[in-house]
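First up is the structure itself, then whatever we jot down about it.
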Amino acid sequence: MQTRFTQTFGVARPLLCPGMSYIATPELVAATCNAGGLGILATGPLSAEQTRQAIRRIRELTDQPFGIGCTLMMPGAQENAEVGLQEQVPVINFSLGKGDWIVQRAHAYGGKVIATVVSEKHAQSAANVGVDALLVTGHEAAAHGGEVTSLVLIPAIRRLTDLPIIAAGGFGSGQGLVAALALGADAVAMGSRLAMTRESPVHQTTKEMIRQRTVADTLYSKNFDGLWCRVMDSPAARRATRKPLGLLQAAWRAAGAARKLQTPLLKVVLGGMLRQPQQLRQLAQFGAATESIRLAIEDGDHQRGVQLIGQVQGLIDDVPSVAELFQRLEDEAQQCRQQLGAL
């Protein structure tokens with residue numbers, strides 16, 4: 001199935017694995033690429049040197065195009081993006097910040113840049129700086145989806161631009177892929193679905209919890225990490241979203257996360273003060289949430305951990321390999337198109 005996405009990024013299938021922290025490891029990224037999609041490495045939990053080693057590991061596992069993800073407002077993100085540029089990574093996906101400098105430098109060596117957006121305003125700004133594609137994240141998505149559902153957001157942004165659109169939020173089947181294409185997208189990102197594959201490092205306990213959940217079993221709150229964020233409904237998540245952390249409590253928890261990530265706390269504090277003072281609380285909340293996310297994904301600890309997940313969790317009931325999943329999606333999409341053609 002060829003689209004503007006597959007043609008732009010040189011891949012066989014219009015499927016993308018987004019850069020999910022602690023999940024989009026070199027192994028999952030490479031499995032996605034080897035199955036014909038585009039995998040994006042999560043660099044949020046990584047130091048600059050760890051990012052460099054992860055990029056080189058991906059290159060050992062696949063010779064296909066891949067990318068790295070950088071959430072620019074986070075401490076260390078610019079350093080990780082710099083590593084990606086030095087390593088001439090084929091694709092860089094940025095979010096929550098201005099990526100014009102990434103676009104200029106990536107294009108200089110023939111790289112491509114994807115901007116993650118949640119609104120028409122964000123999409124227009126990203127298009128203006130010359131990105132090669134937009135990852136459009138709807139309300140249904142895990143973590144930081146916008147206020148508008150994919151059903152409405154994709155066609156709204158399609159009216160603004162001819163750039164390839166990767167639809168995220170609510171997609172996990174071949175039928176969903178066909179629906180996204182009908183709305184004007186050129187590919188789909190399927191974080192929650194790919195988290196439930198054999199190559200995914202998500203703990204088995206967490207995978208089983210995802211399998212048992214329904215589409216209604218998520219919480220959408222601004223209290224977990226300071227931005228509107230979707231997580232799996234659980235007692236720990238209800239506690240974490242009941243009210244926002246106080247600044248001192250958030251800073252204390254962020255300090256622990258910073259130590260685990262080998263990021264100096266002073267860097268976290270100065271990073272917020274140098275950008276905007278009001279972002280200091282946001283950075284502290286992000287840091288405080290980091291360990292909760294890790295506990296759920298790596299340890300399967302849901303007494304303290306919180307799992308980022310999309311509403312599509314309720315449609316997932318098995319754990320195939322990435323290659324098996326992608327073949328199934330292609331078969332489902334073909335069958336769906338045939339059924340629609342018969343109407």
Side-chain angles (χ1 to χ4, degrees), residues 1 3-6 9 11-20 23-24 28-29 31-32 35-40 67 69 93 95 114 116-118 123 133-158 164-197 200 202 210-211 213-218 220 230 232 308-320 322-337 340:
M1 184 182 294
T3 68
R4 281 174 294 188
F5 171 81
T6 60
F9 295 98
V11 297
R13 287 169 163 158
L15 304 171
L16 180 141
C17 175
M20 303 168 283
I23 299 177
L28 181 57
V29 168
T32 299
L38 180 66
I40 305 294
N93 173 206
S95 61
I114 300 171
T116 296
V117 301
V118 298
L134 301 170
L135 200 165
V136 176
T137 309
H139 183 66
E140 305 92 327
H144 305 118
E147 297 178 356
V148 181
T149 65
S150 296
L151 184 65
V152 178
L153 186 60
I154 296 164
I157 291 179
R158 172 50 70 215
I165 288 176
I166 304 128
F171 302 103
S173 67
Q175 293 88 343
L177 171 59
V178 173
L181 297 176
L183 291 170
D186 303 280
V188 293
M190 304 183 300
S192 297
R193 176 63 271 196
L194 281 160
M196 287 284 282
T197 58
S200 162
V202 172
I210 294 170
R211 194 186 66 78
R213 292 302 194 270
T214 72
V215 296
D217 292 330
T218 67
Y220 187 67
R230 188 175 301 282
M232 180 191 290
L308 307 181
I309 201 74
Q311 291 178 325
V312 75
Q313 70 174 351
L315 304 180
I316 301 170
D317 58 11
D318 66 348
V319 186
V322 174
E324 290 168 348
L325 173 64
F326 281 11
Q327 185 59 55
R328 179 198 305 171
L329 293 171
E330 190 171 293
D331 294 343
E332 289 174 349
Q334 182 63 26
Q335 183 179 11
C336 180
R337 292 167 76 177
L340 290 172

A quick test of your reading: do over 12 heavy atoms of other residues, nucleotides or ligands sit less than 6.0 Å from CZ of R4? yes

Could you check if a side-chain atom of V188 sits within less than 4.5 angstrom of a side-chain atom of L329, using non-hydrogen atoms only? no

Should M232 and I210 count as side-chain neighbours, where that means a heavy-atom distance under 4.5 Å? yes

Residues in side-chain contact (heavy atoms from CB on, under 4.5 Å) contact with S95, at least two apart in sequence or another chain: T71, T116

Can you name the nearest heavy-atom pair linking S150 to G138, along with the distance? OG-CA, 3.6 Å

Side chain to side chain contact (heavy atoms under 4.5 Å, CB included) between M190 and M196: does it pass, once the steps are laid out? CA-CA 10 Å; M190 304 183 300; M196 287 284 282; over 6 Å; no

Side-chain (S192) to main-chain (V312) donor-acceptor, under 3.5 angstrom: no

With a 3.5 Å distance limit and no angle check, can you tell me whether R193 reaches the backbone of S173 through a side-chain donor-acceptor pair? no

I would like to know whether Q334 and M1 meet side chain to side chain contact (heavy atoms under 4.5 Å, CB included); could you show each step before the answer? CA-CA 9 Å; Q334 182 63 26; M1 184 182 294; 6.0 Å; no

Minimum side-chain heavy-atom gap F9-L16 below 4.5 Å: no

Donor-acceptor contact below 3.5 Å, side chain Q175 vs main chain C336: no

L15 and L177, any side-chain heavy atoms less than 4.5 Å apart: yes

Partner set under side-chain contact (heavy atoms from CB on, under 4.5 Å) for L153, not counting sequence neighbours: V136, V148, I157

Has the side chain of R337 got a donor or acceptor atom that lies under 3.5 Å from a matching backbone atom of V178? no

Test your reading of the model: is there a side-chain donor-acceptor pair from R213 to the backbone of Q313, 3.5 Å cut-off? no

Polar side chain donor-acceptor pair, Q335 to D331, under 3.5 angstrom: no

Donor-acceptor pair, distance only, cut-off 3.5 Å: does the side chain of T32 make one with the backbone of G39? no

Side chains of P14 and T6: closer than 4.5 Å at any heavy-atom pair? yes

A185 and A167: which non-hydrogen atoms are nearest, and at how many Å? CB-CB, 3.9 Å

Given the rule in the side chain to side chain contact (heavy atoms under 4.5 Å, CB included) test, do I165 and L183 qualify, once you have shown the distances and angles that lead to the verdict? CA-CA 10 Å; I165 288 176; L183 291 170; over 6 Å; no

Just by modelled atom types, is the G145 backbone N or O under 3.5 Å from a matching donor or acceptor in the Y220 side chain? yes

